[in-house]
Amino acid sequence: MSARLNFLCVSADELTLKRCQETAREFEYSYQQVPKIEALVEMMDKFDLVQFVLYNASQVQNKDEISGAVQAIRQIFKDSFICVVVNKKIPPELASFVKKSGAHLLLLENEFHETSRLEFIASQIIRASYVPVKLTEFPKDCVLDFTLFHLMPLNQKLIPVLPKGTPLAEGRMKKLEGIGEVFVKREEVDRYRHYVEGHPDMSGTGLKSRCRAQYLSFCNSHTQLIFLLLDQSESGSYKEGKWLYDRCEILAKDLITTLSAVGEAWDIVNNSSIGEFGSVERAPTIAAYSGLLSLLTTLGEPVEVMTAALLSDVGMLELHPRITKKLRQTGNFEELSPEDLEAYKKHPVLSVNRCLERKLQLPDGVKEFILNTHERADGKGFPAGRTLDKIPQEAMLIQFSELIDRGAMIRMGHPRTSVQQVRDSLMESEFKSGKIFSLAFMQKLKPVV
């Protein structure tokens, strides 16, 4: 039996299969496809875990047939994340019915083919379903209400090394000697955070542990929020949208308090995440940096700046897959075709629109920050090419933080660059050119960066 399958596509449609195959190939996901639900029975004994299942129901008209198919997938693969592609004319009540049948998320057919939502959703489920924590955070004989996993270096399989409710006895600790990092399931991150906060360690190491735990919880809430913004079964969910937005604000307040206490917290944040899809999943890191800069410089209100940073690149998911793929390959939007470049430059507006369509009540200040995070002092920014006096300094904080993250982000197989090195390089470059940020802004940053 294979350890796991990353991506399973259930469809007989050639375009759907091609889309899924190309996504799996780019991100190096293990991949299988079957033409219909009935064929899944034969796969039950082949995999002990299928992480992500995409079921194309766009040509199915009968709601009971779609619901039955989703329930069958759920029964066969109990722990899988199920994404269902539906017809773009699906009524809201049917979308909600399919979701209640066991699907995790619904995409319209045109969204599946013409936007980058699939890449983001799959990357979060397949690559970000486990998060790294430090084994040294857990003392001898502790009993956890979540499971710790170890990543086997040869086959990259995650195996449980401390099951939930099992004491971390001395014998088990000896077996784990030499393992600096273990993993927690993303859905159990809040339990990990509560454990760390419930066992306060007033040392510098303990403070860093609380900072890391709060940051990981912050990341988890951000992912939930983005999924809600993308899900077609949640189009009228004002209550849940408000709850998640408020939760992100609360976590931002907690995180900024800990960040300020830690002092040099930049590398803690940077070392706790690895980017794969692009800027959207990096938003919590950018938010943490910008919130810390806001606090240190007294530019803007830190939590408001952080929430704007969390949502500033949501519009990237509305872009065609070829655009975001090109950006991942080159890291430079200027290498896009003229047509794709124009589409890319609209993504700040798309970010605001997506939030408003999903009934997130953005304060006016947050909207302005989002719309201006790519404007420049030399007037060559986008989407509006605003002059310097029209660009809020809070938006400059977010853009500066994104540039830090772009330079310091950990990439598998690439040498690491410290956040301090990137900050120093940015400061030197911008003081010489003055193309992106105002001199007044840079002067305010200089004492704290």
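In this text the structure is predicted, and so the values were computed from the model without any measurement. We use all heavy atoms of the structure for the numbers below, so side chains are in, but hydrogens, waters and symmetry mates are not.
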Can Y29 and F27 be said to form a ring-ring contact (aromatic ring centres under 6.0 Å, His included), step by step?
CA-CA 6 Å; Y29 299 149; F27 292 99; 5.5 Å; yes
Would one find more than 12 heavy atoms of other residues, nucleotides or ligands at under 6.0 Å from atom CD of E428?
no
Give a yes or no on this: more than 12 heavy atoms of other residues, nucleotides or ligands lie within 6.0 Å of atom NZ of K346.
no
[X]-[Y] side chain donor-acceptor pair, cut-off 3.5 Å:
X    : Y    : result
N332 : T330 : no
Q214 : E197 : yes
Y192 : S217 : no

Is a side-chain donor or acceptor of [X] paired with a backbone partner of [Y] at a separation under 3.5 angstrom?
X    : Y    : answer
S351 : G315 : yes
S438 : F441 : yes
Q51  : I126 : yes
S425 : V422 : no
S96  : E93  : no
E181 : K134 : no
R376 : F382 : no
T297 : K444 : no
S294 : L299 : yes
E430 : I436 : yes

Interatomic distance, [X] atom [atom1] to [Y] atom [atom2] [nearest 0.5 angstrom]:
X    : Y    : atom1 : atom2 : value
D201 : S209 : CG    : OG    : 7.0 Å
D424 : S429 : CG    : OG    : 12.5 Å
T115 : L319 : OG1   : CG    : 9.0 Å

With a 4.0 Å cut-off on N to O distance, would you call [X] and [Y] a salt bridge?
X    : Y    : result
E368 : R386 : yes
K185 : E188 : no
E402 : R406 : yes
D190 : R247 : yes
R328 : E26  : yes
E137 : R210 : no
R354 : E357 : yes

Could you please spell out the steps behind the side chain to side chain contact (heavy atoms under 4.5 Å, CB included) verdict for V196 and R212?
CA-CA 10 Å; V196 172; R212 185 184 303 108; over 6 Å; no
From CA spacing to verdict: side chain to side chain donor-acceptor pair (under 3.5 Å), N56, T16:
CA-CA 8 Å; N56 183 6; T16 299; 2.9 Å; yes
Looking at every heavy atom in both [X] and [Y], which two are closest together, and how far apart are they?
X    : Y    : answer
T147 : K164 : OG1-N, 3.1 Å
V303 : A252 : CG1-CB, 4.2 Å
C9   : Y31  : CB-OH, 3.6 Å

Run the side chain to side chain contact (heavy atoms under 4.5 Å, CB included) check on H194 and F146 step by step: do they pass?
CA-CA 11 Å; H194 292 152; F146 52 90; over 6 Å; no
Stepwise salt bridge (Lys or Arg N to Asp or Glu O under 4.0 Å) test for E249 and K253
CA-CA 6 Å; E249 280 196 322; K253 290 176 183 176; 5.6 Å; no
Applying side chain to side chain contact (heavy atoms under 4.5 Å, CB included), run through H104 and R74 and close with a yes or a no.
CA-CA 10 Å; H104 290 91; R74 170 61 57 231; 2.7 Å; yes
Non-hydrogen side-chain atoms of [X] and [Y] separated by less than 4.5 Å:
X    : Y    : result
M427 : F400 : yes
Y195 : V133 : no
F227 : I125 : yes

Run the salt bridge (Lys or Arg N to Asp or Glu O under 4.0 Å) test against K326 and tell me which residues pass, sequence neighbours left out.
none
Please report the C-alpha distance between M316 and F120 in whole Å, then the side-chain angles of each, then the deciding distance to 0.1 Å, and finally whether the side chain to side chain contact (heavy atoms under 4.5 Å, CB included) criterion is met.
CA-CA 10 Å; M316 292 286 291; F120 176 76; over 6 Å; no
